[in-house]
Amino acid sequence: MQRSFRLTRVLVLTLFVLSAVFYFVSKTYVNSMNISLSVEESQLSDEIAQKEQTVEELQNEVNTLQEKGRLLGMLDNQVSDHENNIYVMND
């Protein structure tokens, strides 16, 4: 009876130690994954912010180019328009 009690105690202690080791290993792994995902999220948000800024600048440029007078001004009077919105390129 004493021998089986001692064997049970050793098995319980071994199981407890293995559980504690598994807990600390898994906790360390999850924390490292969390850190790496946070870094990746930060990089992606920076990239998204840059792309949003580029899109905004391009939209402003398109809006500016849609103005007829601005576009004709950029062509240095090489194009003229008539009353029916016909554009003529001067040589």
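Quick caveat: nothing in here was measured; it's all calculated off a predicted structure. Position 1 is the first residue of the sequence, and the numbers go up from there.
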Less than 3.5 Å apart, which donor and acceptor atoms pair up between the side chains of residues 38-47 and the rest of the protein, not counting sequence neighbours?
residue: Ser38; atom: OG; partner: Asn34; partner atom: O; Å: 2.9
residue: Ser45; atom: OG; partner: Glu41; partner atom: O; Å: 2.8

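Atoms CD and CD, on Gln59 and Glu57 in that order, are 11.0 Å from each other to the nearest 0.5 Å. A distance of 12.5 Å separates OG1 in Thr8 from CG in Leu13, rounded to the nearest 0.5 Å.
Under the side chain to side chain contact (heavy atoms under 4.5 Å, CB included) criterion, Leu58 pairs with Thr54, Glu61, not counting sequence neighbours. The side chain to side chain contact (heavy atoms under 4.5 Å, CB included) search around Glu56 returns Asn60, not counting sequence neighbours.
Under a 4.5 Å side-chain heavy-atom cut-off, the cluster of Ile, Leu, Val, Met, Phe, Trp and Tyr residues that includes Val12 has no other member.
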